[in-house]
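I have placed the structure first, in the form of C-alpha cells, so that the comments after it can refer back to it.
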Amino acid sequence: MRKNIVAGNWKMNTTLDEGVELANNVNTLLKGKKANCDVIVCVPFTHLTSVNAVLEPELVKMGAENCSEHAKGAYTGEVSASMVKSTGADYVILGHSERRQYFGENNEQLLEKTKQALANDLKPIFCVGEVLEERENGSYNDVVKSQVEALFSLTPEEFSKIVIAYEPVWAIGTGKTATAEQAQDMHAHIRKVIEDKYGKEVADNTSILYGGSCKPSNAKKLFAKPDVDGGLIGGAALKAEDFMGIIEAFG
Ligand code: PGA
C-alpha cells in the first residue's frame with residue numbers, strides 16, 4: 001500500500017550553517033519520537049552533502065528541489081540528477097509552481113527532468129496545481145489532469161516511483177489553505193486520472209501529498225482524508241518544531 005509522507009521544501013532559505021542546524025534538529029526530534037510516516041527534507045543544492053552527513057537515513061530521507069533535464073555537459077550553473085544522487089539524496093522535487101511560474105518550466109521539460117531523475121534512481125516529488133484564476137473559473141480539474149498527463153509516456157514501472165504533490169498555487173505561502181474537502185476532491189480526481197492510464201494498482205500505490213500553507217493546526221484534518229497521503233511543507237518546514245507538529249498529525 002502507498003506510503004504516508006511528510007516532506008519539507010526549504011526553497012531558497014537558510015545559509016549552510018542554518019540548514020545543517022535545522023536538519024540536525026529535525027533528526028534529533030525524530031529520534032525521540034517514532035514517526036508514523038516517511039519524513040523527507042528537500043534542501044538547496046549547496047546544502048545536500050552537509051545535510052546528508054547529519055541525517056540518519058532510517059529517520060529522515062533527503063531530496064533536492066530541482067535537477068537539470070540534461071545528463072551532463074556545457075550547461076553552466078545547472079545541477080544534474082546524477083550529481084544530486086551522488087550527495088546521498090533519494091528524492092527530487094520537480095515542477096514546483098515556482099519553477100513553472102518564475103523559470104518557465106513546461107511539461108516537455110518536466111518530463112525530461114523526470115526521466116533524468118528516474119535514470120539516476122531519484123524519486124521525483126512531482127508538483128501539480130492550479131492558479132487562483134483556474135480555481136475560480138472552474139477549470140482546475142482539467143488543468144491538473146493535463147499536468148499529470150505530462151508524465152504519461154512513462155512506463156507503469158517508472159510511474160510507480162513518482163510521488164505526486166497537489167499544491168494549489170493560491171494556497172502556497174499565502175496562509176490560505178485548501179479545505180480538507182477541496183484537497184480530498186482533487187486527490188481523488190488525480191488518483192482516477194492515474195487509474196485510467198495505469199490501472200488501479202498503480203493508482204492505489206501512488207502517494208499524493210497536499211501542499212500549500214499546511215501547518216500543525218490544519219495537518220490532521222487534511223491528512224485524515226482518504227486520498228491525502230501527507231504533505232509537502234514550505235514555510236512550516238523551516239522550524240523543526242512546526243515540522244514535527246505536522247509529522248505528528250499521523251498520530
Ligand atoms: P507553503 O509552501 O507550505 O509555505 O505554503 C508549500 C510549497 O510550496 O511546497
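All residue numbers in this chain count up from 1 along the given sequence. Order of appearance sets the numbers: ligands from 1, and atoms from 1 within every ligand.
Atom CG of residue N66 and atom NE2 of residue H96 lie 11.0 Å apart, to the nearest 0.5 angstrom. L48 contributes atom CG, which lies 8.5 Å from atom CD of E65 (distance to the nearest 0.5 angstrom). In this structure, the separation between OG1 on T206 and CG on D229 is 9.0 Å, given to the nearest 0.5 Å.
Taking the six-membered ring where the residue is Trp, F159 and F152 present perpendicular rings, their angle passing 60° and hence far from 30°.
The pair K115-E112 counts as a salt bridge, with a side-chain nitrogen and a carboxylate oxygen less than 4.0 angstrom apart. Between D38 and K61, no side-chain nitrogen of the basic residue sits less than 4.0 Å from a carboxylate oxygen of the acidic one, so the salt-bridge criterion is not met.
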Could you pull out the N/O contacts under 3.5 angstrom between ligand 1 and the surrounding protein atoms?
from: ligand 1; atom 1: 2 (O); to: K11; atom 2: NZ; distance (Å): 3.4
from: ligand 1; atom 1: 3 (O); to: G234; atom 2: N; distance (Å): 2.9
from: ligand 1; atom 1: 4 (O); to: G235; atom 2: N; distance (Å): 2.9
from: ligand 1; atom 1: 5 (O); to: G173; atom 2: N; distance (Å): 2.7
from: ligand 1; atom 1: 5 (O); to: S213; atom 2: N; distance (Å): 2.7
from: ligand 1; atom 1: 8 (O); to: K11; atom 2: NZ; distance (Å): 2.7
from: ligand 1; atom 1: 8 (O); to: H96; atom 2: NE2; distance (Å): 2.7
from: ligand 1; atom 1: 9 (O); to: N9; atom 2: ND2; distance (Å): 3.4
from: ligand 1; atom 1: 9 (O); to: H96; atom 2: NE2; distance (Å): 3.3
from: ligand 1; atom 1: 9 (O); to: E167; atom 2: OE1; distance (Å): 3.3
from: ligand 1; atom 1: 9 (O); to: E167; atom 2: OE2; distance (Å): 2.6

